[in-house]
Number of protein chains: 2
Amino acid sequence: MRIDDIELVRGLSLFAEMEQQNFDALMHAAYLQQFPPQLQLINEGDPADFLHVLIEGRVELFGTAKGRESALFVMHPPSTFILAAVLKDAVHLMSARTLATSRVLLIPASNLRQAFKSDAAFAHSILLDLADSYRGVVKTLKGQKLRTSLERLANYLLLQNDIQGAMGRIDLAIDKKTLASLLGMTPENLSRGFSTLSAYGVSVDGPRITLSKLEDLHQLAKPDSLIDDPAN
Amino acid sequence: MRIDDIELVRGLSLFAEMEQQNFDALMHAAYLQQFPPQLQLINEGDPADFLHVLIEGRVELFGTAKGRESALFVMHPPSTFILAAVLKDAVHLMSARTLATSRVLLIPASNLRQAFKSDAAFAHSILLDLADSYRGVVKTLKGQKLRTSLERLANYLLLQNDIQGAMGRIDLAIDKKTLASLLGMTPENLSRGFSTLSAYGVSVDGPRITLSKLEDLHQLAKPDSLIDDPAN
DNA sequence: CGTTTGGTTGATAGGAATCAACTTCAGTGG
DNA sequence: CCACTGAAGTTGATTCCTATCAACCAAACG
């Protein structure tokens, strides 16, 4: 494992407060692996053996049932995922696949649980991380139950705009099929959503999107800080 | 606070492992209050000042946006809610109201955070409780994105049947309007859902429901342990 | 009683999925 | 170099699911 990767991990809020010796032990037990795109890392229903830390790339968490599939979250580095399953020593509720070439740090569940027991600061960080995750799902659920798909799309664009520097220009980090699934719609519907939004200054050129009437788009989307604000 | 209430709280997995002295301190700082039905306990956006422990009654957690409202969870005693917001010292993402006369134990957030810092076993319990909550939301989200409303209804009935003794007879603990909202549908649609399910042996008499063709209902619902099984 | 509240039923409209065809474009291989 | 191929995305037509609007019913309650 490279020095700067270790520093990256160390910089994650989850690990930042940990005692050095515990951190070292954890890193010693961990594996850093690189995966090609579209590789399934996790199959829902399988036991959670490793905490995953996404160092580089992009990972989709998705759920399946009755032959259907839906994207639930898209993880961007650096971040951890499937923390809850590992802590509970339970099976995965979500599957995961890479969307791009990705480097993932795999920390054995037993080591994680041990570190968590012996390091109060680490336990505290885990708790905050999990609380953030929890609130993230709640926000997603609210968006899903309280908004139409067009509103979800509009809010997604506005949020991306903020994240990407509020220049009125954004690049979709994920392909449209995945975006559609993430927003709870079909690819066809997403496409129609974009054309509906052209009246609100949204123009699409492949993965490049420009927002020329932010006021109008705001008006339509009516962003809600309790759904869209990542700081909450 | 009555002795048996204290014992009830002590019996919650969240508090069971706590050191006695810390538990006593926490209980000493807490308030037990009784609320009438339909009283709003929490307004989303407000700061989370108290951890709520539902001792008796029924509480609905719901979200609002753009004038719409949707039930997200219905809490049954004994259970805690809004743990994440309290831990993070953040604002509430969900509102809460009583559905019935309810007794709720209110534990000041600062005391909770302090107890959590000084009691490792308690921290561990909190973590597991939060992990459970997290997985609960994920399951709800999966149900919402992967199922039709009729499937959600069918699975809800099957789950209630299991919980209530698998006698093929269940009592709705919440009124149909709230149930509709919880399942992500309108009251009208819920009513139609029930009549559609009559072909699957579901008959409704007010809050009393009988399931006479469990096989058929199963066939339709196709329960998924990664969505419906509370043990996961 | 009349009135309210919760629930049902019917008619209609709207949102979203599905099915199908077509375009574009990148990658492949002759 | 250029025809193939396949993936991604778009567009159109249609169906299906769900919400909305409206009327109605019945039990509950003052």
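Order of the sequence lines sets the chain letters (A, B, ...), proteins ahead of strands, with each chain counted from 1. Hydrogens, waters and symmetry mates are skipped; everything else that's a heavy atom, side chains included, is used. The structure displayed is predicted, hence computed values, not measured ones.
- Note on A:Lys177: every side-chain N or O is 4.0 Å or more away from OP1 and OP2 of D:dA7.
- The CG-C1' distance, from B:Asp205 to D:dA27, rounds to 12 Å in whole Å.
- Between the side chain of B:Asp129 and the backbone N or O of B:Leu14, no donor-acceptor pair lies under 3.5 Å.
- Contact annotation: side chain of B:Arg192 to base of C:dG10, donor-acceptor pair present below 3.5 Å.
- When each of C:dT8, C:dG7, C:dA16 is scored by its nearest atom to the side-chain atoms of A:Ser149, the top-ranked nucleotide is C:dA16.
- One atom, CD of A:Glu188, and another, C1' of D:dC16, lie 15 Å apart when rounded to the nearest Å.
- Atom CE of A:Met185 and atom C1' of C:dT18 are 15 Å apart (whole Å).
- Note: NZ (A:Lys176) to C1' (D:dT11) measures 14 Å, nearest angstrom.
- Nucleic acid contact class of A:Thr186 (heavy atoms, under 4.0 Å, all strands): base.
- Regarding contacts with the backbone of D:dC17, every side-chain N or O of B:Thr148 stays at 4.0 angstrom or more from both OP1 and OP2.
- For the pair A:Arg147 CZ and C:dG15 P, the computed distance is 17 Å after rounding to whole Å.
- If you check every strand for non-hydrogen atoms under 4.0 Å, A:Gly193 touches nothing.
- With distances taken from any side-chain atom of B:Ser191 to the nucleotides C:dT8, C:dT18, D:dA19, the minimum falls on C:dT8.
- Regarding contacts with the backbone of C:dA17, a side-chain N or O of A:Asn189 is found under 4.0 angstrom from either OP1 or OP2.
- B:Lys177 and B:Asp175 are not joined by a salt bridge, as no carboxylate oxygen comes within less than 4.0 angstrom of a charged side-chain nitrogen.
- Under the 30°/60° scheme for interplanar angles, the aromatic rings of A:Phe81 and A:His52 are found to be tilted.
- Across the protein-nucleic acid pair, B:Leu172 atom CG and C:dG6 atom P stand 15 Å apart, rounded to whole Å.
- Salt bridge annotation for B:Glu69-A:Lys145: absent, with no cationic side-chain nitrogen under 4.0 angstrom from a carboxylate oxygen.
- Residues B:Thr64 and B:Glu44 have side chains that bring a donor and an acceptor to within less than 3.5 angstrom of each other.
- The separation between A:Arg68 atom CZ and C:dA16 atom P is 17 Å, rounded to whole Å.
- Residue B:Ile209 contributes atom CD1, which lies 11 Å from atom P of C:dG7 at whole-angstrom precision.
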